[in-house]
Amino acid sequence: MPLRPEEITSLLEQEITQYETGLHMDKVGTVLKIGDSIATIYGLEEAMAGELLEFPGGLKGMVLNLEESCVGVALFGPDRGIKEGDIVKRTGLIASVPVGEALIGRVVNPLGEPLDGKGPIVTTHRRNIESRAPNVVERQPVKEPLMTGLKAIDSMIPIGRGQRELIIGDRGTGKTAIGIDAIINQKGGDVHCIYVAIGQKASSVAAVVDILEKYEAMEYTTVVSATAEQPASLLYIAPYAGCAIGEHDLYNGRHALCIYDDLSKHAVAYRQLSLLLRRPPGREAFPGDVFYLHSRLLERAAKLRDDLGGGSLTALPVIETQAGDVSGYIPTNVISITDGQIYLEPDLFYAGVRPAINVGISVSRVGGHAQTQAMKSVGGRLRLDLAQYRELAAFAQFGSDLDKTTQAQLTRGQRNVEILKQGQYQPMPLWKQVVIIFAAGKGLLDDLPVGDIPAFEEKLYPFLDEKYPEVGHRIQEDKVLSDETRAQLSKALDEYKRQFLASKKS
């Protein structure tokens with residue numbers, strides 16, 4: 001059919017009126033210098049601290065230094081494909097991570113990208129890895145217990161929701177095991193656990209994930225992994241990323257537990273970045289703001305007021321010491337920021353006392369405020385008895401003639417040490433802890449040989465479950481040791497002890 005000029009004219013007019021010119025302008029800079037995953041960029045004077053920049057090939061980097069004519073950037077990957085003169089784009093975004101329910105049960109890197117092969121993380125929520133800590137008015141005192149399932153900790157060095165409790169000790173003394181036990185013990189509770197692995201071997205992180213899966217703890221846990229072979233920039237942001245994931249729970253009225261394993265490697269990674277960025281070194285070549293590095297992280301742990309949702313974020317930072325030196329630069333910094341420390345001693349560990357907690361140096365500055373009434377009533381004297389036992393045991397090595405009081409204290413101390421021993425990845429419910437500590441405090445174990453204590457304890461719980469189930473149930477539910485429960489428990493223990501001694505004779 002023939003073309004009509006008026007139709008063509010109207011179509012052209014329509015296209016012209018609908019045509020829009022979209023002018024898009026990118027703010028770009030040029031790579032001046034590149035090396036060791038640190039880049040100096042010229043031409044990005046308006047860049048923000050902590051902003052993400054995009055390099056050729058899609059590689060991301062974060063602005064750490066803001067200078068008059070250039071910016072210093074830490075790359076989140078190898079710099080092999082980057083060269084001088086390359087164009088770098090601003091994204092206008094501050095470094096952030098995905099947060100929310102989609103992260104539960106996942107293993108991610110510090111950028112929130114999945115490492116577990118379970119597909120992409122689908123969530124609309126993101127949080128900046130760096131954010132303001134709750135102020136004094138927004139907080140409430142730490143008074144709600146966070147049970148770790150470890151008798152030695154829950155009875156003498158209690159941890160509360162919103163607390164920051166340092167786990168400190170030499171290499172191979174069981175620091176990570178305490179954190180994993182605390183995670184396993186939250187099973188069936190309302191706490192979202194975040195385990196942040198900083199500078200560890202990939203095989204070690206895989207082993208931790210395997211243990212958590214074995215005990216069905218990954219159902220409420222997120223693992224943030226920044227392994228030793230990754231750039232220092234990823235090790236640096238890892239704990240802040242883990243904290244941001246936990247803060248989503250904190251500000252939504254829920255509860256989270258963050259374990260940073262460990263902050264010694266985190267400080268070393270930050271020292272590496274700072275030296276490469278030409279920042280002035282201070283003591284032990286750490287930069288001057290290394291205290292602020294950890295204080296701004298740990299101050300984000302809090303228990304919010306009830307009218308703000310009453311959420312909590314509990315932090316368990318880990319610090320590795322060298323030859324038991326707790327007076328080192330980084331250990332003393334973190335000790336001064338936290339609300340107490342659990343010190344693990346190599347000598348105790350190698351003597352078979354595990355967890356190898358030194359009761360003399362370990363302390364919880366929240367104290368009994370974060371303990372249930374049941375635990376407080378039975379564990380009140382335990383710490384004092386153990387401290388006295390340690391002194392007397394050292395003194396008794398030099399003398400043979402001891403009076404009856406001293407001998408009694410040594411006997412009680414040996415039994416207390418024995419009942420506080422606990423197998424790895426075997427956290428205990430509150431009622432079991434209360435029962436065995438009550439038995440020791442009442443003196444029921446004093447006439448038993450030390451070697452019989454583990455067998456006595458092992459068979460005690462099935463006996464109570466079978467004959468006196470209401471005692472354990474009442475302690476677990478009410479978290480109070482009333483006079484009636486105390487009398488019933490004493491009766492049950494006396495009956496069990498007679499039965500245990502009779503079975504030993506036969």
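Everything numeric in this text was worked out from a predicted model, so none of it was measured. Computed over heavy atoms, backbone and side chain alike; hydrogens, waters and symmetry mates excluded.
By the side-chain contact (heavy atoms from CB on, under 4.5 Å) test, Val142 pairs with Gln163, Val366, sequence neighbours left out. In this structure Glu320 satisfies the side-chain hydrogen bond (donor to acceptor under 3.5 Å, both in side chains) test with no other residue, sequence neighbours excluded. Taking the ring pair (Phe, Tyr, Trp, His ring centres under 6.0 Å) definition, one finds that His369 meets it with nothing, sequence neighbours left out. Among residues two or more places apart in sequence or in another chain, the side-chain hydrogen bond (donor to acceptor under 3.5 Å, both in side chains) test is passed with Gln388 by Gln409. Every residue two or more places apart in sequence or in another chain was checked for a ring pair (Phe, Tyr, Trp, His ring centres under 6.0 Å) with His192, and none qualifies. Residues satisfying the ring pair (Phe, Tyr, Trp, His ring centres under 6.0 Å) test with Tyr195, not counting sequence neighbours, are none. By the ring pair (Phe, Tyr, Trp, His ring centres under 6.0 Å) test, Tyr292 is found to be paired with no residue, residues two or more places apart in sequence or in another chain being considered. Among residues two or more places apart in sequence or in another chain, the side-chain contact (heavy atoms from CB on, under 4.5 Å) test is passed with Glu495 by Phe463, Lys467, Tyr468, Arg498.
Judged by distance alone, the side chain of Asn128 and the main-chain N or O of Ser131 form no donor-acceptor pair under 3.5 Å. The main-chain N or O of Thr221 is never found under 3.5 Å from a side-chain atom of Gln186 such that the two would form a donor-acceptor pair. A donor-acceptor pair is defined here as one N or O able to donate and one able to accept, closer than 3.5 Å; no such pair exists between the side chain of Thr227 and the backbone of Gln200. A donor-acceptor pair is defined here as one N or O able to donate and one able to accept, closer than 3.5 Å; no such pair exists between the side chain of Asp478 and the backbone of Leu481. At distances below 3.5 Å, not a single donor-acceptor pair connects side-chain atoms of Glu213 with backbone N or O atoms of Asp210.
Contact check for Cys193 versus Leu212: no side-chain heavy atoms found under the 4.5 Å cut-off. Taking 4.5 Å as the limit, some side-chain heavy atom of Ser364 sits within range of a side-chain heavy atom of Glu165. A heavy-atom distance below 4.5 Å is found between the side chains of Val417 and Arg390. When side chains are defined from C-beta on, Leu460 does not count as touching Lys432, because their heavy atoms never get closer than 4.5 Å. Looking only at side-chain heavy atoms (C-beta outward), Phe438 and Leu444 stay at 4.5 Å or farther from each other. Annotation: side chain of Val334 is in contact with side chain of Leu298 (closest heavy-atom distance under 4.5 Å).
Under the 3.5 Å distance criterion, with hydrogens and angles disregarded, no donor-acceptor pair is assigned to the side chains of Ser482 and Glu484. No donor-acceptor contact under 3.5 angstrom links the side chains of Thr148 and Asn185, judged on distance only.
Among pairs with a residue in residues 342-355, those fulfilling side chain to side chain donor-acceptor pair (under 3.5 Å) read Glu345-Asn358, at least two apart in sequence or across chains. Residue pairs satisfying the salt bridge (charged side-chain N to carboxylate O under 4.0 Å, His left out) criterion with at least one member in residues 244-261, sequence neighbours excluded, are listed as follows: Arg127-Glu247, Glu247-Arg300, Asp249-Arg254. For residues 96-109, every residue pair satisfying the salt bridge (charged side-chain N to carboxylate O under 4.0 Å, His left out) rule, not counting sequence neighbours, is listed here: Arg106-Asp116. Evaluation of the side chain to side chain donor-acceptor pair (under 3.5 Å) test over residues 374-384, restricted to residues two or more places apart or in two chains, returns Arg381-Asp385.
Rounded to the nearest 0.5 angstrom, Ile211 CD1 and Thr176 OG1 are separated by 9.5 Å. How far CD1 of Ile157 is from CD1 of Ile361: 11.0 Å, rounded to the nearest 0.5 Å. Atom-to-atom distance recorded for Ile319:CD1 and Asp170:CG is 12.5 Å, nearest 0.5 angstrom. Considering CD1 of Ile198 and OG of Ser264, their distance stands at 9.5 Å, rounded to 0.5 Å. Rounded to the nearest 0.5 Å, atoms CG (Asn416) and CG (Leu386) are 5.0 Å apart. The CD1 atom of Ile330 lies 8.5 Å from the CZ atom of Arg283; values are rounded to the nearest 0.5 Å.
With a 6.0 Å radius and a threshold of 12 heavy atoms from other residues, nucleotides or ligands, Arg171 has its CZ atom at or below the threshold. Glu391 CD: 12 or fewer foreign heavy atoms inside a 6.0 Å radius. At most 12 non-hydrogen atoms from other residues, nucleotides or ligands lie less than 6.0 angstrom from CD of Glu458.
Across every non-hydrogen atom of Thr123 and Ala102, the tightest pair is CB-CB, 4.0 Å. Contact detail for Val435 and Leu493: the closest heavy-atom pair is CG1-CD2, 4.3 Å. Scanning all heavy atoms of the two residues, the minimum distance from Gly242 to Val224 falls at CA-CG2, 4.2 Å. Smallest separation of non-hydrogen atoms from Pro429 and Gln476: CB-OE1, 3.6 Å. The two residues Leu304 and Leu308 come nearest to each other via the heavy atoms CD1-O, 4.2 Å. The minimum heavy-atom distance linking Arg164 with Ala301 is given by the pair CG-CB, 3.6 Å.
The residues Glu130 and Arg296 are annotated as salt-bridged, a charged nitrogen and a carboxylate oxygen being separated by less than 4.0 angstrom. Salt-bridge formation is not detected for the pair Lys421/Glu457: no Lys NZ or Arg NE/NH1/NH2 atom is positioned less than 4.0 Å from an Asp or Glu carboxylate oxygen.
Under the 6.0 Å cut-off for aromatic ring centres, Phe456 and Tyr496 qualify, their centroids lying closer than that.
Remark: of the listed residues Arg412, Lys497, Arg415, Lys497 is the sole one forming a salt bridge (charged side-chain N to carboxylate O under 4.0 Å, His left out) with Asp447.
Between His266 and Tyr240, the angle of the ring planes goes over 60°, which puts this pair in the perpendicular group of the 30/60° scheme.
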After noting the C-alpha distance and the side-chain angles of Lys504 and Asp452, does the key distance pass the salt bridge (Lys or Arg N to Asp or Glu O under 4.0 Å) rule? CA-CA 9 Å; Lys504 287 293 290 180; Asp452 287 349; 3.2 Å; yes

